[in-house]
Amino acid sequence: MRGVIGVNRVCFALITDKKTRLYEQKSLSLNGVWTQWEEIALTSRRHDDSRHAGFRFAALRIVYKRANRFRRVGMIKTEKVLHLRSCRGRRVRVVREHYLREGVPCFSSLCQAGCANDGKLLPADLTHYLVPDAQVVLSFLEILELRELRGLVFTQTAAQALQSKGRRYYSRLRSLLRDRRHDCVLFANEFQAYSYCPREKGETQESWQTRCVYSAAVWYFNHLAGMMNVVMITEDEDAVARYSSLNSGVYVVSVQDYLQNFWPELQAAHDLYGSISQALQEKEAEGSQKEYSEHLPAEILEAGIKSGRYLQGSLAVSKHRAQSEAFLTPGSSSKSAATDLSGGVLVHGGRNRNRAVHGDAVAVELLPPSEWRGKVTALTEGQGEEKGGEDGERKPMPTGRVVGILQRNWRDYVVTFPSRDGSQSQSRSSQRILAVPWDRRIPKIRISTQQADALQDHRVVVRIDSWESTSLYPNGHSVRVLGRAGELETEVQTILVENCIHVPPFSDAQLRELPVSSPERPWTVAPEEAGRRRDLRRSHLVFSIDPAGCEDVDDALSVRSLDGGRLLELGVHIADVSHFVAEGSLTDLEARSRATTYYLADRRYDMLPPVLSGDLCSLLGGVNRYAMSVIWELDAESLAVRSVWFGRSLIRSSYQLSYEEAQALLEGRAPPPEGDTQLVPALETLTRVARHLRAQRDRGGALELEGVEVRAQLDQHRNISALVPRQPLEVHETVAECMIQANHWVARKVQEAFPSQALLRRHPPPRQELFGPLVDTARARGFTITTSTNKALAESLDRAVDPRDPLVNRMLRMMATQAMSQALYFSSGSESLDQFYHYGLALDRYTHFTSPIRRYADVVVHRLLSAALELDRDQAPDLDQDKALELDRDQDLDQGSPKLDRRALVRARAPASNKELEETAHHINSKNRAAQRAQQLSTSLFQCLYFRDRDPLTDPHCVADAVVYAIRDNGLLVFVPEYGVKGAVYLRNREGQVVAAAAADGRCEWQSGTVRRYADHITTTSSCGCCTFSLFDHVTVRISVLPSSCHANTLNLELISSRPPPGPGGPPPAGPPPGRGQAARQVVQEVVRLAEEAQQGAPSPPLPPEERPFLQSPPPNLHSLLEEIRELALLDPALLDLDGPRGQRSAQAQRAT
Ligand SMILES: [Zn+2]
């Protein structure tokens, strides 16, 4: 039974195709735009199938309810005829009933008509509003995303057109509309009685859409009584001709004309326009020969996944064999009882990968076991270090092919335009270039451009537009040019783009929100704010301990004796960032999207604008500052905590000490400040308390992982120019311990107040099997490492010390760190209580509270703590219960309960729901991983730049001591302590020759021979005899740069002697690790100097001037820096390569605190 039937004014088209689910998703995800309910009805096309009866009923209910609602508010009914095409190609005529209203909000602050405008409003201080045509939104959304363009009105017509293009595009528009930093609104023009125009007979869809949008533009001009000009942009030349002179005040122009006339300076927009329109032209001229098989439609994929025929998961391409190997880690919902897929599924070769790109969510079909293959595990020459684990034979593993894409996860990619030899060039107007992405896992991208010559050897940001089955490569367009490959600034920008780190200059609108603090108008404490805070300025001696020259002080301390010496009071005072950064403000949104301050080897990008991070929030000496304080009362004898107070305070720090000053005061090497008798005793007490707290945690099993102590070396601009190892000072530990305690107690407080809506940080225990390499390596040296608990691990690591070679302990700790899981933020409602444990710190609950200037998580926790304190106030015995009851009713939570319902109150008072908080945690976790990767990449960038201009054969800097820490089939993995470099050393080359060492002096050369690998050593045999390399052997390597024009350069390590290098100090080094910091400092300094010299000859500055100030913002506090660096210094870069499923599991960045 097919045809069109009427059901109470709702017309159904009953079609018998398989589009049910597609329609369902489309219609239900509309989020507030009242439209397309007919399609919901459409989806009940199988009217005779009883299984669908329930759904049909639900769909009808929605239709009725909406229709009734709109009828009530007085609407005009009209009809709208749609021609939909079913998936079998049958055309279906659908008559939509369409209700029009007069009161559709305009969202303009100029509105005089009393529209029900709530939410984001278009400002009045603009020269015009911009209304893009549907086709413009479809093709040029990226240009409209530029924040410079303001006053944008997206029409419902355009939004619907975009929605039919795909979910990815539509959700981009939705996030634009939601984001307050973008000045744009959605106008429901098709429901507005005076702007709606029905489609005329014979009118094409496109020209009808253009007419609708024009009519909307005219409506705006009239609705705002001509107070605001309206510019409509369209790519339809006829429309420009037809409409441009119809109404004064409403201008219709092409996109190009608009940009040229209104934004001549906005180069980004012009570049985008050029590259997108080029790509569009190319697309029309596509060939039709199939290169790949078609992807299956969504509903078939879904059914296949449900039945277990297909597996779904995210595709991870191998970094070292990007052409041939990719892996799928099946998601939890994938079920395949027959095969063990825990090791992942191999997707071998380009055909089987079928246009899936690294990171895409895909559906994979397993091949029959006869077609399974193994993955390659030997060291690949020139590809750097191989991932951990055992190598071995190529054992076949489950192998499959991609049958469909569930979700594209394309981002911006940096590519290099190849050098041109002339043979590639086609016609002058359109040149198709195969650009090579910087990330080896991404396929080459075809770009059409007129600038191919100008851009050769340049790094360019591109986006992929599509990848048709007829095209060997994906098509894309360029977004912006970063600069010439190999230059410092280009390479740093590349690292940022590749890690999705977006750090534009802080906008004017954002800076206008902030309080002013200038010499003419100094910021002062507001009296009413002072009245609300606990004033510690007279009662407490507050001081801060930071690295010398620190300007953003986010923590300060106080300690004093109470009750005649029977009690001790310890205070930790943290910058009150949440006082200045209101939730939802532009500053808050920007800080949230950055999530952290980014530290690169030579610079940093702050999370907060300088007026906050370096001034108003910073707890500087001698000035009044707002703080969030945690104050404990301890028993003076036992140091047991008697009570704790949390709250907002007003402090004035008396001393801003450096670590060295504080340590000198403690040791009596420096005289106390004149006239002060309190400071030194306070420091002593603090040290005693911290030792006690630390010992308590040690008994619980806290881990001391690799103890690299570093110091930030500053240049004249106060940039960190190097990280230098230092003699550890006890005062570091003391400050760190106080911060750990504050974080711990705040975690307890917020978790108790909001059991399922608190942001905490957990550190899961490591998986035992990952300790394998550590245990085996230690055994090779005669040590036993026990990994059953964190306490056992910590103790056995402490014992594993070789008095002859301190590097042994350091490397074992490095390996322990590698086995660690990653510490993560989470919402307390999403994990069970036993998952809260922090393994590294041995604490049952932990969070981040002490660095709100540079971590967004801490800002969230500050807000939680304030909410918890308010909750306490409201639940005090003398509480005004009516208020709580009122709240209860408002929230419609627990009806009928006259009593104060605590749970309802808690829910109402929590700053965010569990779900929202879990999203926030997820976002911050991913930004932290990006920050770590960027920092590491920038370190290796500097290492490569340092070695690039040295001659490895003559320069003594290129020869260094290295220690063997792992054995592979055809080589060694070594660590070069002097430069902190890790890498592979090959014992067999491409010609099959092996390394042979002279018995007399250990000098190595290539000889024909064989290599044999054992558990803890590897032997080469040649005409010169045998040569054995064991774990922890010291050898001499020569470091050189393997240049790459399209990717990052890498360091190449070559074995030149089987013995350590001779030299002062002699092998093996005694005492602390030798001169690593010295060299590391030289590396960064020299590279920066060279880059600056190179820039002096260059025509333009490396960065726009407005970006300068915050590149050169003050250095971070050492404690926080230590926290980051300690973890980063240990990281094995190879672990970050998501190389297959094993790699994914162990690719854990170590953030132990
Ligand atoms: Zn209005």
Side-chain angles (χ1 to χ4, degrees), residues 30-35 66 69-78 80 98-134 136-137 144 147 149-163 173-198 209-234 243 246-253 258 262 509 584 586:
L30 278 175
N31 195 28
V33 179
W34 179 69
T35 177
R66 290 190 170 170
R69 204 170 84 219
F70 280 85
R71 205 172 294 130
R72 275 203 307 274
V73 286
M75 287 175 303
I76 310 145
K77 188 196 128 194
T78 177
K80 188 172 163 185
H98 195 81
Y99 291 95
L100 298 175
R101 301 185 281 161
E102 290 178 18
V104 172
C106 67
F107 300 111
S108 167
S109 47
L110 285 172
C111 179
Q112 306 290 316
C115 286
N117 291 328
D118 52 355
K120 201 154 75 162
L121 290 189
L122 294 178
D125 63 341
L126 297 174
T127 58
H128 63 279
Y129 286 169
L130 180 62
V131 185
D133 186 13
V136 171
V137 175
L144 305 175
R147 283 190 206 161
L149 300 194
R150 302 178 62 206
L152 264 81
V153 178
F154 287 102
T155 54
Q156 179 190 5
T157 308
Q160 281 168 14
L162 194 64
Q163 194 182 18
L173 176 61
R174 276 177 51 187
S175 63
L176 265 191
L177 290 166
R178 269 199 306 262
D179 192 336
R180 280 196 42 225
R181 292 170 295 179
H182 285 279
D183 214 354
C184 60
V185 296
L186 179 69
F187 173 51
N189 62 313
E190 295 188 24
F191 295 124
Q192 162 46 251
Y194 302 115
S195 80
Y196 175 68
C197 24
Q209 285 172 341
T210 305
R211 199 156 59 86
C212 283
V213 173
Y214 178 69
S215 159
V218 172
W219 180 86
Y220 256 88
F221 182 73
N222 294 331
H223 180 77
L224 300 177
M227 287 188 293
M228 180 64 72
N229 288 329
V230 178
V231 178
M232 168 175 166
I233 48 176
T234 177
Y243 299 129
L246 268 186
N247 286 281
S248 67
V250 181
Y251 303 93
V252 181
V253 295
Y258 175 72
F262 288 84
L586 296 176

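Please read all numbers here as calculations on a predicted model, not as lab measurements. As the structure lists them, so they are numbered: ligands from 1, and atoms in each ligand from 1.
- Heavy-atom contacts from other residues, nucleotides or ligands closer than 6.0 Å to CZ of F262 number more than 12.
- Among residues two or more places apart in sequence or in another chain, the side-chain hydrogen bond (donor to acceptor under 3.5 Å, both in side chains) test is passed with H182 by none.
- Screening the protein for N, O or S atoms under 2.8 Å from the Zn ion (ligand 1) yields 4; no waters enter the count.
- A donor and an acceptor atom, one from each side chain of N189 and S195, are nowhere located under 3.5 Å apart.
- Residues Y129 and D183 bring no donor and acceptor atom of their side chains to less than 3.5 Å of each other.
- Under the ring-ring contact (aromatic ring centres under 6.0 Å, His included) test applied with W219, the options F187, Y214, Y196 reduce to a single match, F187.
- Proximity of the aromatic rings of Y258 and H128 is defined here by a centroid distance below 6.0 angstrom, and this criterion is met.
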